[in-house]
Amino acid sequence: MDRNTSTVDAVIVGAGFAGLYAIKKLRDAGFRIQAFEQGDGIGGTWYWNQYPGARVDLECWDYSYSFSPELQDEWDWSERYPTAQELMKYLEHVADRFKLREHIQFNTRVDTAEFDETRNLWRIRTSDGKTTLARFFVPASGVLSVPKPPEYPGVDTFKGEAYHTGRWPKTEVKFEGKRIGVIGTGSSGVQTIQALAGKCKHLTVFQRTAVFVVPAKNHALTKAMRDRVRLGYAERREISRITRFGIAAPMSVESALEATPEEMAMKYENAWTNSQLLGFRQCYGDILSDDKANETVADFIRGKIRSIVKKPEVAQKLLPYGFPFGTKRPCLGDTYYSVYNRDDVTLVDLKATPIEKFVPEGIVTSEGLIELDMIIYATGYDALSGALTRIDVRGVGGRKLTDKWADGAKTYLGLLTAGFPNLFTVTGPGSPGPLANMSMSIEQHIDWITNCMTYMRDKGYDRIDAQPEFEESWMQGVQDIVKRTLYLKANSWYLGANVPGKPKVFLPYLGGHGTYRKKCESVAQAGYEGFTLSKSTSNTQETAGAT
Ligand code: NA7
């Protein structure tokens with residue numbers, strides 16, 4: 001073997017929430033591991049998304065690791081919804097506390113991964129020109145990590161500053177005295193807009209689809225608040241593991257259609273006042289499955305928008321229509337709607353006045369040139385499958401992953417894709433991933449993967465692959481579940497609808513985090529039902545669950 005080639009048990013991609021936990025778990029289980037991270041620091045999503053106002057939209061108690069009670073006890077969150085900077089500090093602390101950095105090679109991109117069928121090894125080539133041979137390949141590269149650029153003529157001709165929220169520069173960006181345009185009004189856009197209003201000469205928001213923004217009610221945390229949560233923390237985490245969204249939030253089973261107007265008004269007012277991401281969806285059991293029930297929430301929030309935004313013509317543009325509430329991830333924001341009462345903020349409704357082109361001075365819409373000094377793209381991501389398909393992955397018979405997934409990503413259980421043995425997808429297509437608490441989803445996946453690899457090592461297996469018929473049936477199940485909901489009515493990133501040319505297939509499993517966890521556990525207990533495990537040396541093969 002030459003100097004440029006090394007061998008490990010597992011290559012991990014990424015040093016965010018998932019990558020760090022994968023490093024810890026696999027190393028502690030005795031595997032030799034090597035992690036590669038494209039950035040020059042820890043943090044993953046939070047490393048790249050340092051844009052103004054960037055915060056997580058789940059409470060810190062839930063969006064954090066649960067694997068270590070000591071970590072939980074020693075880390076003091078300062079706010080209900082921590083900033084990207086605080087989340088980076090937390091992840092850096094985790095990396096130091098558990099001595100994870102020594103396993104990470106920074107500033108290194110994984111370019112290709114090719115499965116060697118004769119030896120059951122992945123041959124992984126990185127941007128430093130080196131090759132690593134690994135029994136297992138664990139891309140923990142994130143579900144929202146490949147920024148999606150805007151698709152307009154002349155984008156590159158703009159002569160001012162231009163940034164994507166998902167690739168925010170590490171150097172200071174100055175806003176004072178500048179005319180800034182923000183394209184996109186998803187979570188990233190909403191947070192950026194709130195942070196920049198009043199901090200620049202003029203802010204122009206280019207809105208393609210009006211979103212539902214519910215109050216964040218972010219606040220600083222006191223010691224008393226932290227102590228109160230810590231008292232019941234273990235139980236809170238246990239409950240989270242069996243719930244639909246991976247959060248200990250009680251979900252109603254009542255129908256909105258059977259509620260009296262007074263009762264409904266009271267519940268919605270309460271959800272608005274004591275808001276959190278799931279607040280409205282908690283009120284009734286049919287919000288995400290019945291159009292009429294959903295419309296009651298949508299209508300309530302539209303009423304709030306009308307009452308906050310003073311100019312009726314602006315309020316009208318901000319009213320979300322055309323997709324049910326909750327089928328695009330709702331955004332959190334305390335000042336979002338009132339920002340539009342400022343004279344130095346302009347809303348451009350791209351449905352009425354579309355962008356025609358970019359020019360050196362700014363953006364030309366159907367109503368003329370808007371001169372800008374800076375453009376911020378808050379245009380989202382090639383979600384779920386994007387990070388993995390950016391790597392040139394070739395499985396059995398040299399088949400390209402991009403060819404296999406040309407009509408939509410497919411996996412069995414969201415964990416392996418048939419024909420690509422020993423490649424574990426973390427919180428990717430076919431798993432609940434972003435439709436549940438991401439940190440919970442990550443821990444559940446990495447725990448399962450570690451147990452599976454340990455089982456294989458103990459039994460002497462060196463290859464695991466998903467059986468195609470189990471994969472088909474799992475993905476069919478994913479589609480069957482979503483058809484019973486309203487999610488297909490929105491052009492969301494869950495569906496790949498935000499990326500031109502991407503197949504429109506709903507990728508996350510909607511059956512709930514708790515149900516999914518049980519399914520994964522029962523598959524493992526049944527000797528990895530639906531997977532084929534084999535040993536290259538003795539040529540033994542065991543097919544669990546073959547029909
Ligand atoms: P999102 O939620 O995908 O939002 C992207 C926004 O950018 C959304 O408003 C899009 O409008 C808009 N967009 C995308 N392409 C264009 C073009 N070409 N022109 C105009 N507007 C465009 O990404 P975020 O980064 O905000 O949030 C991602 C997740 O991170 C979020 O769900 C949370 O989980 C955290 P559209 O709605 O597609 O019409």
Side-chain angles (χ1 to χ4, degrees), residues 16-17 44-46 48-58 63 81 84 87 142-155 163-168 181-195 204-214 216 245-246 277-278 317-318 320-324 326-333 336 347-358 363 365 375-384 386 427 432-439 441 487 489-502 504 507-508:
F17 258 92
T45 292
W46 304 108
W48 296 108
N49 280 268
Q50 297 273 316
Y51 61 85
R55 289 177 186 279
V56 64
D57 59 6
L58 288 185
Y63 188 77
Y81 298 105
L87 285 156
V143 299
L144 292 161
S145 51
V146 177
K148 188 196 83 81
E151 314 79 11
Y152 294 108
V155 165
Y163 308 105
H164 192 290
T165 50
R167 283 289 177 277
W168 200 258
V182 176
I183 305 180
T185 52
S187 298
S188 307
V190 164
Q191 292 181 336
T192 307
I193 292 158
Q194 291 182 129
T204 306
V205 176
F206 296 88
Q207 169 193 276
R208 186 163 74 180
T209 307
V211 273
F212 292 97
V213 182
V214 299
F245 292 106
L277 192 62
L278 284 179
K317 292 180 192 171
L318 288 165
Y321 279 106
F323 65 97
T327 54
K328 278 176 182 255
R329 194 171 171 110
C331 305
L332 293 187
Y336 181 65
L347 178 66
V348 177
D349 176 4
L350 295 180
K351 292 218 163 89
T353 48
I355 293 176
E356 290 179 350
K357 60 180 175 184
F358 285 47
I363 291 177
T365 71
I375 299 177
I376 299 177
Y377 305 118
T379 42
Y381 299 88
D382 181 353
L384 292 146
T427 62
L435 278 170
N437 170 359
M438 270 304 280
S439 59
S441 294
Y487 277 91
K489 297 193 173 192
N491 280 329
S492 66
W493 54 259
Y494 304 133
L495 192 59
N498 62 328
V499 177
K502 190 169 176 176
K504 268 193 171 187
L507 294 178

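Read the numbers this way: they start at 1 and go in the same order the structure lists the ligands and their atoms. Owing to the predicted nature of the structure, the values given are computational and were not obtained by experimental measurement.
Taking any N or O of Thr165, backbone or side chain, none lies under 3.5 Å from an N or O belonging to ligand 1. Note: an N/O pair closer than 3.5 Å links Thr209 and ligand 1 by distance alone. At least one N or O atom of Ser187 sits closer than 3.5 Å to an N or O atom of ligand 1. Close N/O approach between Ala378 and ligand 1 is found [any backbone or side-chain N/O within under 3.5 Å]. Ligand 1 has no nitrogen or oxygen under 3.5 angstrom from a nitrogen or oxygen of Asp57. In terms of polar-atom proximity, defined here as any N/O pair under 3.5 Å, Ser188 does make such a contact with ligand 1.
Heavy atoms of Thr185 found under 4.0 angstrom from ligand 1 belong to the backbone as well as the side chain. Within the 4.0 Å heavy-atom criterion, neither part of Val211 lies near ligand 1. Contact annotation for Leu144 and ligand 1: only side-chain heavy atoms (C-beta onward) come within less than 4.0 Å of the ligand. Of the heavy atoms in Gln207, none comes closer than 4.0 Å to ligand 1.
Not a single heavy atom of Phe206 sits closer than 4.0 Å to an atom of ligand 1.
Atom 4 (O) of ligand 1 has Gly186 CA, 3.5 Å as its closest protein atom, hydrogens excluded (heavy atom only).
Between Asp349 and Arg208 there is no salt bridge, since no side-chain N of the basic residue sits under 4.0 Å from a carboxylate O of the acidic one.
No donor-acceptor pair under 3.5 Å is formed between the side chain of Ser492 and the backbone N or O of Tyr487.
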